[in-house]
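In what follows, a single structure is set out as structure tokens and then discussed.
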Amino acid sequence: MVRRFLELLARQASAVEFEGPIIEARAAGADPAAVEELELAKVEALKVRALLRRRARREAELSALYDTAGDLSALRDVDAVLEAIVHRARRLLATDTAYLTLHDPARGDTYMRVTDGSISAKFRSLRLAMGAGLGGLVAQTAVPYTTVDYFDDARFRHKHDIDEAVIEEGLVAILGVPLRLGQRVIGVLFAANRSARPFAQEEVSLLASLAAHAAVALDNARLLQETRNALEELSRAHSTAREHAEAVERAATAHDRMTSLVLRGGGIEDVAAVVTDVLGGSLAVLDDLGRPLTGDAGELDAGVSEAAQASRALGRTVRKGDLRIASVDVGGEPLCTLVLRSDDADERILERAALVCALLLLFRRSVAEAEGRVRGELLDDLISRPDSPGLHDRARRLGVDLSAPHVVVVVRHDGQRERAAFWASSEAAVRHGLAAGRAGEVVLLLPGVRAGDLARRVAAELSASLRAPATAGASQAGDVATAYHEARRCAEALLALGRAGDGASAAELGFVGLLIGEGRDVRGFVGSVLGAVIDYDTQRGTALGATLTAYFGCGGSPSRTAEAMHIHVNTVTQRLDRIGKLLGDGWQEPERALEIQLALRLHRLGHTASP
């Protein structure tokens, strides 16, 4: 039987299991002496069990203190260290929650810094006046306090807001120990339970040890921050002295290099390279709409636009965080903006670079306007005088191959005519096309085969440039003059349909496209709208098309449709369900229903034998 007790100890059995051998002996009829001997063995075994449990607990406590000391030696984040200490306190003392408060010298009270196991938002934001509650008393006296039942303990000065938060958290038994630096109390570490329980002296000692580690962590963090601040101050002083010594030489070098660059015919990219080479960091050059001409502007926020406006108003560089922003305007209109991200920036160099970029842009704009006039004249001749001799040769000299597929895009707008014409001219030059500006519209002839996609892209980009809706109609350019008229009618149809700012080709406007399109592809229209139903009837010999015609003719009433066709109403319902699956959701909505009825009428009239 003694061996049984050893086995129970080996597998860390519960205390109640140690009664088993005695019960078995009595059941087996053992004499009283043997039973008494087993009783004595049980008592000794339970003493050994208690000793082993205390040693295991002590081992866990020492391990936690060792881990905490390791955290302090590798201190990087004081919050992480404090959270680890509070979590270990809760785990080792087997409490429902643990938390730590710190002293606030400015307000003369303590506030909640770290919690573990808390469920109440009010409790996590609690502040304790000195002497109020258990925590305030610990902070005031620098002595640990423990209570089995906080609300029945008259030693503490209860306050309504504190008691209300403790009730919401559901705490009953609380242990608090002070965090001390020398003779000064900087906070309190707590362990608390949501049911009554006493705290042993060794638990008070363990929590006090963890509190000492927390105090060391806070003091180390303070010293580390002071050291960092001192180093940063020295670094700033050194940087200021170095910048002052190098500023004059850098300014002279940059001025000479940019002047030489302009004389050699360099571009904006070359100016940007000089700036970053002299000042370091990264530079983005933006156009009048804030779009990047060179450099990476992906991380620039909306505040850059406001800073650029301020720079133009003040006539100097404006700082925004680590950004230096210099902007130039001409006649009140913004021309370009330079955005430099650098810790070492001579603002005078950036301002000179902005002026150089502005001059280069003005020159580029003059060249583009001259080329735009040539391209516009050629496009006007292709539309109004397509039989004029030499059109292909003129286009070839401009880099335009008229024998390749092209799309005519007509864009209606209410924006600035000059800005719209300049944008169209630039777009045509980049894409090897032609552009012409007219009153209220611009016309483009661009390489491509997807007229609708091109119209939507042009509408979106020109709308952004004008900051006003630009509506684009497009047509595939077999004959430029014919395509121009169809594209213009398409743009006007979009405006009539309330789709200002959108773009489309005539083929994408459904039955409206039949009215405005030059080709009037009835077969294609009927096929795109009704093809699935007609194919189904052809392959299966059904009458879905006839059912649709009768359904619309009867005002959308299944019962009246059944009467008109002399069939059961359930048959009508089944056919309508099949039609819905073939045509897709929304086929009965007004606009879609109108297209379907038009396609049915065209199909019945024999305009198309099949879709």
Side-chain angles (χ1 to χ4, degrees), residues 405 407 448-456 473-479 482-483 486-487 489-490 493-494 496-499 502-611:
V407 173
V449 294
R450 302 176 67 88
D453 293 343
L454 192 56
R456 282 184 286 276
S475 176
Q476 199 67 42
D479 176 75
T482 302
E486 178 175 311
R489 289 194 297 270
C490 185
L494 286 171
L497 292 171
R499 292 172 58 181
D502 199 359
S505 65
E508 296 173 326
L509 294 180
F511 69 89
V512 175
L514 289 177
L515 303 176
I516 65 172
E518 291 290 338
R520 293 177 174 82
D521 183 10
V522 176
R523 180 188 299 272
F525 171 73
V526 174
S528 65
V529 174
L530 205 60
V533 172
I534 297 174
D535 286 345
Y536 192 90
D537 282 347
T538 301
Q539 295 168 8
R540 293 171 173 79
T542 55
L544 298 183
T547 304
L548 259 181
T549 302
Y551 177 73
F552 285 122
C554 293
S557 170
S559 59
R560 291 171 57 192
T561 303
E563 292 177 4
M565 297 186 72
H566 305 291
I567 58 177
H568 196 276
V569 68
N570 289 341
T571 303
V572 174
T573 302
Q574 292 170 3
R575 291 181 182 181
L576 292 177
D577 288 342
R578 172 58 59 186
I579 290 169
K581 292 178 180 178
L582 292 172
L583 297 183
D585 295 337
W587 68 273
Q588 297 187 69
E589 293 179 359
E591 185 173 342
R592 182 89 180 277
L594 179 60
E595 288 190 349
I596 294 171
Q597 291 177 70
L598 178 59
L600 285 168
R601 179 65 59 87
L602 291 172
H603 183 57
R604 288 201 314 276
L605 292 175
H607 283 289
T608 175
S610 62

Find the distance between [atom1] ([X]) and [atom2] ([Y]) and round it off to the nearest 0.5 Å.
| X | Y | atom1 | atom2 | result |
| --- | --- | --- | --- | --- |
| S557 | E563 | OG | CD | 7.5 Å |
| C554 | R560 | SG | CZ | 5.5 Å |
| E589 | I596 | CD | CD1 | 10.0 Å |
| L600 | L548 | CG | CG | 5.5 Å |
| R575 | I567 | CZ | CD1 | 4.0 Å |
| Q574 | T547 | CD | OG1 | 11.0 Å |

Is the shortest heavy-atom distance from the side chain of L544 to the side chain of L582 under 4.5 Å? yes

Any sub-3.5 Å donor-acceptor pair from Q476's side-chain atoms to G448's backbone N or O? yes

Do you know which two heavy atoms are closest between [X] and [Y], and how far apart they sit?
| X | Y | answer |
| --- | --- | --- |
| V449 | P405 | CG1-CB, 3.7 Å |
| A504 | C490 | O-SG, 3.2 Å |
| S475 | A483 | CB-O, 3.5 Å |
| H568 | A562 | C-CB, 3.9 Å |
| R456 | D502 | CG-OD1, 4.0 Å |
| A451 | A474 | O-CB, 3.3 Å |

Working for side-chain contact (heavy atoms from CB on, under 4.5 Å), residues T542 and R578: CA-CA 11 Å; T542 55; R578 172 58 59 186; over 6 Å; no

What's the verdict on side-chain contact (heavy atoms from CB on, under 4.5 Å) for L576 and T561, showing C-alpha distance, side-chain angles and the deciding distance? CA-CA 11 Å; L576 292 177; T561 303; over 6 Å; no

Run the salt bridge (Lys or Arg N to Asp or Glu O under 4.0 Å) test against R450 and tell me which residues pass, sequence neighbours left out. D453

Can you label the angle between the Y551 ring and the W587 ring as parallel, tilted or perpendicular, going by 30° and 60°? tilted

Crowding at CG, N570 (>12 non-hydrogen neighbours, <6.0 Å): yes

